[in-house]
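Have a look at the structure below before the remarks.
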Amino acid sequence: MFKQDRGNLKVWIHFFVPYALLLTGFLGVGLYAYDRTTSLVESHTKETAYAILEQTKEILDRRFNELETMAEQAASSTKVQSFQYVDRPFVGTNPIRILELKKDLFDYSLFNHFLLNYYMVYPHSEVVVSPRSSYSLRQFYDLEFRYENQSYEAWLKELKSRTSAKTFIPGRTATYQNKKVSVVTYMQTFGSQERSGIVLMLIDNTQIQSMLHKLDSSNGGFVLITDAKGEIISRTGSKTGSSWASELKDGFNPIDIDGQRMLVTKTTSRYNGWTYLTAQPESYVLEKVHSIKQLILSIMLIGLIFGLIAALLFSYRNSRPLWLLLRVLPSGRMAGGHSPNRNAWDFVRTSVTNLMLSNDYLSEKMDQQVPLIRSGFYDRLLRGHYLSNKDIAAAMEHSRQTWDGEYFAVSILMIAGYEGTYNEAMLTELDFRKIAIRDIIATGYGRIIATHDLGENQIGLLMNDDAVSPAAFMEDVRNHLCALHHRIAAALHVQVYMTVGGCYMQMTEISRSYEEARLLREREHLSEQRPIVFHDEESPALPTYYYPPDVELRLINLVKSGNLPETEALLEQIRQNNLEQQHLPAAVTRVLIHELTGTLLKCCEQEAGDTDRQQEEVKSALAASEASRSPKAAFEPLVIAFLYLCRQQHDRKKSHNNQLKQDLIQHLEEHYMRTELSLSELAERFNYAEAYISYFFKEQTGVNFSDYLESIRMNHARRLLKESDMSVNEIAAWVGYYSLNSFSRAFKRANGVSATEFRKHAQSGI
């Protein structure tokens, strides 16, 4: 006991020392951090706010400059200038001039997200022309664009009163193409004063506001853009006036607005004299500074007062589960009830013990189910439901069955005296006798004979062993069955009869041996003088061919699945059993050929549609079966037709895979710019399971879905960086990324350099 306490003390000290060292280092770092953090956070907050505002101003200045350049380019067109002298635009050949004017206008909105649309307005002739459409002024107001709560007459008066060459109308709610939108309107006049025209550009105010949202306007703050006259162009946040803004200098300014202390950041554009201004409550901006001050002081005080106490407590709590675990590991399984759980380690100990007990219980239940599983396996095996040796091996592993021998044969054991109508007493007696017989077989021949209940008075015997030849194996089988017959008669005083099928080396041919034993049971007369009959010594009977229903069903299934090797093997087996090994009369062989022809027609019925080649092959096979040809010659066209149908089904599946692969890749090429494009959407689009699409895409292309999509997006991103003047942020949105950060990480990972460096090198020709 004393040694155990000393061991526990060592474990506790091992946990306590790191806590004590950590506490000492933390207090030292806290003293230094307190002095530096308070000043750095406050200055960094101011610099960050001004840098973000300055960046936003530069982006918007560049956008507005682009819009003015577009307006000047549109107004400088010869067709635009000459059309202002048209008085009656919809009379004579003037409609043709309108169409030519539309074709001459470039649709800038396709490449500029800020621009909803632009129009060439001719107030004198009352016509409006855009790259997409043309209207009269009244139609334009009614169908295309109008300000909310403004009549047509007021709008027309405002339009004709514009004398300034360049005018921005602040953001207002309007109806554009029957949709409510917020727009900033830019108008630029051109031509003579008497017959002037106007370039009317509709700027998406939500795009401007999305830029402003980078500046935090929550918690009572706001962001404004005002023109040189002080008129608000766009804003986000609270609806505070801006008359006081003209008195402020650019930079960081603390002032009182509506009785609240605000920290205002202001910058003025050199391009157009516009003012960009953001205001945030001082308490919100410097909240982090004050909270850090309080946090550091609190941590230092708590660390000074409670540090050692916490170290003692945590070292005890962390070491105690280890003590319990060390006690549990050598103790083994728990027998009996469990004590109440006192902590997480008690729960682990109890759970592990319960898991071990549950595993024993489940293993016992599985052992109880093995006979039922094995019975189902034998039933399917004898009836030929397995198509390949691979399927049989998997089923054997599941049923815990192993066969080591090279040769196989099947026998049917029948208990005499139970023919006719059964009653309950007879069935009960029969069950007892079958159990006794199976016990005798398991005791004396369990290594080479496996039993399966075939119902009524029959037991299937599946024999497997090694021998120098098939004849030697069948001789051993004969000796074992004779000895078994005598043992059953001596122990149970029961007469039994047995029919034995042929010897085979393939597990898929076990069903054939069973079918041979079953046919012997139906054809042969068994007696006490002849209780055991083998397939190779059956008495002469009516000539018959080998083509049982299960073989026909298996042939149809193989053709339908496109399994060419197995189909060839089964057809060769039918040939060997009927045309090579047996000397059947011509009439009997002809019946076999007709049955195979019927099977061929069944395979054709299961196809979606007949091709010309398929019809030709089937007609050739039918003609061969009807002609006066030898059985072997008539069999060959049938084989060719079966193999053609099988190969056609295999090719159809392969073609379907190639088409699906092309469709998936084409869909990615056409929709890569959609941010919501995902594996689940692709699975829903093509009506497949998501796991199957993922596996199929990886198997067909060699890469997974996400890597392939990123490769497509990176190719387009590199092209845009080289060939366009779009910003990196716009390119990120264009190729389908939610944010600039995710695009930048993906670009750097794929190309080894950032997007900005890539563009710089591409433009410099490096």
Hey, could you give me the CD1/CG distance between Ile712 and Leu668, rounded to the nearest 0.5 Å?
5.0 Å
Whether Lys166 and Glu68 form a salt bridge (side-chain N of Lys/Arg under 4.0 Å from carboxylate O of Asp/Glu) is what I want to check.
yes
Can a donor-acceptor pair be found, under 3.5 Å and without considering hydrogens, that links the side chain of Tyr122 to the backbone of Val80?
yes
Contacts of type side-chain hydrogen bond (donor to acceptor under 3.5 Å, both in side chains), residue Asp107, not counting sequence neighbours:
Ser109, Arg132
Do Arg146 and Gln150 come within less than 4.5 Å of each other through their side chains, counting heavy atoms only?
no
Once the angle between the rings of Phe145 and Phe140 is folded into 0 to 90°, is it parallel (under 30°), tilted (30 to 60°) or perpendicular (over 60°)?
tilted
If only atom types and distance count, is the side chain of Gln84 paired as donor or acceptor with the main-chain N or O of Gln81 below 3.5 Å?
yes
Asp204 versus Thr206, side-chain donor and acceptor atoms under 3.5 Å:
yes
Checking Glu126 now: which residues fulfil salt bridge (Lys or Arg N to Asp or Glu O under 4.0 Å) with it, not counting sequence neighbours?
none
Is it the case that the side chains of Gln188 and Tyr186 hold a donor-acceptor pair, with the cut-off being a distance below 3.5 Å and no angle test?
yes
Sole residue of Thr173, Thr175, Thr185 in side-chain hydrogen bond (donor to acceptor under 3.5 Å, both in side chains) with Tyr147
Thr185
Once rounded to the nearest 0.5 Å, what's the spacing between atom CD of Glu690 and atom CG of Leu679?
4.5 Å
Salt-bridge criterion met for Arg554 and Asp550 (N-O under 4.0 Å)
no
Answer yes or no for Arg97 and Phe83: cation-pi contact, defined as NZ/CZ to six-membered ring centre under 6.0 Å and angle to ring axis within 45°.
no
What closest approach, in Å, do Ser739 and Ala732 show between heavy atoms, and which atom pair accounts for it?
O-CB, 4.4 Å
Donor-acceptor contact below 3.5 Å, side chain Asn94 vs main chain Phe90
no
What's the spacing between Asn715 CG and Leu720 CG if we round to 0.5 Å?
11.0 Å
Would the distance check show the side chain of Ser82 and the main-chain N or O of Lys79 forming a donor-acceptor pair, the cut-off being under 3.5 Å?
yes
State whether Tyr737 and Arg713 meet the cation-pi test: NZ (Lys) or CZ (Arg) under 6.0 Å from the six-membered ring centroid, and within 45° of the perpendicular axis.
yes
Could you state the interatomic distance from NZ (Lys57) to CZ (Phe64), rounded to the nearest 0.5 Å?
13.5 Å
For Glu684, does the CD atom sit with more than 12 other heavy atoms under 6.0 Å from it, leaving out its own atoms?
no
Please check if any side-chain donor atom of Ser754 sits under 3.5 Å from a side-chain acceptor atom of Thr756, or the reverse.
no
Would you please classify the geometry between the Phe377 ring and the Tyr386 ring as parallel, tilted or perpendicular, with 30° and 60° separating the classes?
tilted
Ser727 and Asn729 side chains, donor-acceptor separation under 3.5 Å:
no
Side-chain donor-acceptor pair present, Glu144, Gln139, cut-off under 3.5 Å:
no
Rounded to the nearest 0.5 Å, what separates atom CD in Glu72 from atom OG in Ser77?
14.0 Å
With the threshold set at 4.0 Å, does a side-chain nitrogen-carboxylate oxygen contact exist between Glu636 and Arg575?
yes
Is there a donor-acceptor contact under 3.5 Å linking the side chains of Glu670 and Gln666?
yes
Quick check: closest heavy atoms across Val129 and Ile98, and the distance to 0.1 Å?
CG2-CG2, 4.2 Å
Between Tyr108 and Gln73, do the side chains contain a donor N or O and an acceptor N or O under 3.5 Å apart?
yes
Once rounded to the nearest 0.5 Å, what's the spacing between atom OH of Tyr276 and atom CD of Gln55?
13.0 Å
